[in-house]
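Sequence lines set the chain letters: A, B, ... in the order given, protein chains first and strands last, and positions in each chain run from 1. Keep in mind that this is a model prediction, so the values were computed, not measured. Every heavy atom of this structure was used, including side-chain atoms; hydrogens, water molecules and symmetry mates were not.
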Protein chains: 2
Amino acid sequence: MTATDGETAPGYASSTCRVRAVLDRVGDKWSIYVVDRLGGGQLRFSELLRGIDGITARMLTVTLRGLERDGILTRTVHAAVPPRVDYALTPLGETLREAIGQLVSWADSHLPEIEEARAAYDGRADEPACPEAAAG
Amino acid sequence: MTATDGETAPGYASSTCRVRAVLDRVGDKWSIYVVDRLGGGQLRFSELLRGIDGITARMLTVTLRGLERDGILTRTVHAAVPPRVDYALTPLGETLREAIGQLVSWADSHLPEIEEARAAYDGRADEPACPEAAAG
DNA sequence: CCGCATCCCGCGGGATACTG
DNA sequence: CAGTATCCCGCGGGATGCGG
């Protein structure tokens, strides 16, 4: 099992560029947080807006439209005044949420390791390998 | 279990903005493909370059540096001529690869649904809901 | 309250050319 | 072969203002 054979990658590698189209949605700045938030049940626009730190109304709209287009969530408009719109995950969206959850919890649980690694790398880049040794 | 309580999201929600720093790495255009490729064992620069469709040398370098900084992979330089550099996943990188694999296979297996949903949505947007009905 | 339109800026990232 | 430096363009996305 060396890396010298031409076809190392199996399975989904064949549809890489199509998968890209899907992962781009996940890769955009806000989708994963929207999906994550909706895991607890349907929420209205303003709830999402307040629940996701740093997002603007514009980006929330754009993100929601994208997810709706992909069949990840549904948009329910209540025509009455005051206007009210609810968003909820579809079954497909629920499965995505699970996959995302894996990644988010990975990120969360390995945060310390990663921050350590970054500190070590950055230190290596423009500082002596042993700051305390240099101080002596 | 309504969505009316203030604290719907448990666990990792508390460190959202730190998690962001990690997910941004996953979110960038090429990291997941590099990590995925390296799953089969160490590869040299040019092998990655040829193995990942559409990536440029510049972006491969940038991506590899970022992943190295995060402790996801290691960079091994063979000083001899011709120059040769090998990249391999760290144990941490392996765990990331598993999480990514979940997502990639999700994307792969749900591609048809998503493309259907997109087609339906786009059709709805600027075409009659029932093209064949409109034709009659 | 919901959310679209417009303007505008920063940066991701592609092309190209050069070094060790 | 591996990597760096420069230029440059497109677009993600923030701020603001208006319409339903």
Residues at least two apart in sequence or cross-chain that pass side-chain hydrogen bond (donor to acceptor under 3.5 Å, both in side chains) with B:Q102, listed by chain then number, are none
Among residues two or more places apart or on two chains, list those pairs meeting side chain to side chain donor-acceptor pair (under 3.5 Å) that have a residue in residues 78-87 of chain A.
A:R75-A:Y87, A:H78-A:D86, A:R84-A:D86
Could you work out, with side-chain hydrogen bond (donor to acceptor under 3.5 Å, both in side chains) as the rule, every residue matching B:S109, not counting sequence neighbours?
none
What pairs of residues pass the salt bridge (Lys or Arg N to Asp or Glu O under 4.0 Å) test when at least one of them lies in residues 51-63 of chain B, not counting sequence neighbours?
none
Using a heavy-atom cut-off of 4.0 Å to chain A, what are the terminal contacting nucleotides of DNA chain C, in 5' to 3' order?
C:dC1 to C:dT6
Divergence of helical axes at both termini of the helix from C:dC1-D:dG20 to C:dG20-D:dC1 - five pairs an end, 10° steps
40°
Got a sec, which residues hit side-chain hydrogen bond (donor to acceptor under 3.5 Å, both in side chains) with B:S31, two or more places apart in sequence or on another chain?
B:D28
Residues two or more places apart in sequence or in another chain: which of them pass salt bridge (Lys or Arg N to Asp or Glu O under 4.0 Å) with B:E116?
none
Quiz item: cation-pi between B:R20 and A:W30, 6.0 Å / 45°:
yes
Are there any protein N/O atoms within less than 3.5 Å of an N/O atom in nucleotides 2-6 of chain D, and if so, which ones and at what distance?
unit_1: D:dA2; atom_1: OP1; unit_2: B:R44; atom_2: NE; d: 3.0
unit_1: D:dA2; atom_1: OP1; unit_2: B:R44; atom_2: NH2; d: 3.1
unit_1: D:dA2; atom_1: OP2; unit_2: B:S46; atom_2: N; d: 2.8
unit_1: D:dA2; atom_1: OP2; unit_2: B:S46; atom_2: OG; d: 2.7
unit_1: D:dG3; atom_1: OP1; unit_2: B:R75; atom_2: NE; d: 2.9
unit_1: D:dG3; atom_1: OP1; unit_2: B:R75; atom_2: NH2; d: 2.6
unit_1: D:dG3; atom_1: OP1; unit_2: B:Y87; atom_2: OH; d: 3.0
unit_1: D:dG3; atom_1: OP2; unit_2: B:Y87; atom_2: OH; d: 3.0
unit_1: D:dT4; atom_1: OP1; unit_2: B:R65; atom_2: NH1; d: 2.9
unit_1: D:dT4; atom_1: OP2; unit_2: B:R65; atom_2: NH1; d: 3.3

Please list, chain by chain and in numerical order, all residues satisfying side-chain hydrogen bond (donor to acceptor under 3.5 Å, both in side chains) with B:E98, sequence neighbours excluded.
none
With sequence neighbours excluded, residues passing salt bridge (Lys or Arg N to Asp or Glu O under 4.0 Å) with B:R44
none
By salt bridge (Lys or Arg N to Asp or Glu O under 4.0 Å), B:R50 pairs with (sequence neighbours left out) none
